[in-house]
Amino acid sequence: MEITDYRVMNDAIMRLAIRGAPAIGIAGVFAAALAAKELVNLNPVDFLYRLKGALREIAATRPTAVNLFWGLKRAEKLIDEYAEEGNEAVFKGLKTLGQEILNEDIAMCRAIGEHGAKLLPDVCTVITHCNAGGLATGGFGTALGVIFNAHSAGKKVHVYADETRPLLQGARLTTWELMRAGVEVTLICDNMAADLMKLKKVDCCITGADRIAANGDTANKIGTYGLAVSAEYHNVPFYVAAPYSTLDAGTKSGDDIPIEEREPSEVVEGFGRRIAPEGVKVWSPAFDVTPADLIAAIITEKGIHRPPYNFKDNA
Ligand code: MRU
């Protein structure tokens, strides 16, 4: 997609054309740059007033992935610092910041991949949920970054990808990314993961994250919690891979993470075909919270963190 209007960027984030926590964070900062570009000819007072308004609109797109707020906080700081130099300087600064955050994210994913690959045996079977690959980040990916890294180091990784109802990020995106990279991948429905762990040797589960609280509780795509519970029961280590931009040290525990609820239509007619009776009630949280005590390790670009988790800042 080529996007030249911040409102179109907002819409793309809301309808998940751009999705995945790090990608949303990057897109949010570019959206701020697009807003500044549009407003650049206003007088400085109106410029700042309208730009801050645009930032609030961008922040209102999706509530759970903290990367969006992390990116916008950096954008706001830059706006305050550059304001005296004029509108054009603010616009250019935001554009550069977007590019910087994009480059940082790719570097963080590569480092996560390197650290995380150490956790994978030379021949292994891994389950992942949703999509935490290049399509969810600046490039390369977090959970999939770990797998890509292990694969290119010569390890033989077989991935089972949960399809990830209701929007099928696993079926649509994760399988595509893994097949393209030459990694062996088998698609399963979400409700098959527990049985898979019972019947076959699964070495670990790895997922991404949308927000990690100070105590390690982790919000990620709905279904992650169920996968972690099954993994605990079957003695399969459950790993989370995420950059520091996904840590939210200001949020004490998962209880304080805002969880987005999505439209019922995504459940009952997600891909254009009605699959439940008209008028049926639907509950559709987009994310759930996996308690820290189910997470064997959190992999960030700084290394492998083991419990008890106590994240203090995300600088
Ligand atoms: O609703 P989505 O598709 O934005 O949800 C994405 C996820 O839950 C990912 O696992 C998470 O953002 C990590 S992406 C590196």
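Just so you know, ligand 1 is whichever comes first in the structure, and atom 1 is the first atom listed for that ligand. By convention here, the first residue in the shown sequence is residue 1.
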Check ligand 1 for N or O atoms under 3.5 Å from a protein N or O and list each pair with its distance.
from	atom 1	to	atom 2	distance (Å)
ligand 1	1 (O)	R62	NH1	3.4
ligand 1	1 (O)	R62	NH2	2.8
ligand 1	1 (O)	K221	NZ	2.7
ligand 1	3 (O)	R19	NE	2.8
ligand 1	3 (O)	R19	NH2	3.2
ligand 1	3 (O)	Q169	NE2	2.8
ligand 1	4 (O)	G20	N	3.0
ligand 1	4 (O)	R62	NH1	2.8
ligand 1	8 (O)	D210	OD1	2.7
ligand 1	8 (O)	N220	OD1	3.1
ligand 1	8 (O)	K221	N	3.2
ligand 1	10 (O)	N220	OD1	2.7
ligand 1	12 (O)	A21	N	2.8
ligand 1	12 (O)	D210	OD1	3.2
ligand 1	12 (O)	D210	OD2	3.0

Salt bridge (Lys or Arg N to Asp or Glu O under 4.0 Å) involving D255 - partner list, sequence neighbours excluded: none
Enclosure of Y225 OH (heavy-atom neighbours >12, cutoff 6.0 Å): no
Side-chain donor-acceptor pair present, R19, N131, cut-off under 3.5 Å: yes
Minimum heavy-atom distance between I112 and E301, given as atom pair plus value: CG1-N, 3.4 Å
F140 and F148 aromatic ring geometry - parallel, tilted or perpendicular at 30°/60° bounds: tilted
Cation-pi, Y244 ring and K302 (6.0 angstrom, 45 degrees): yes
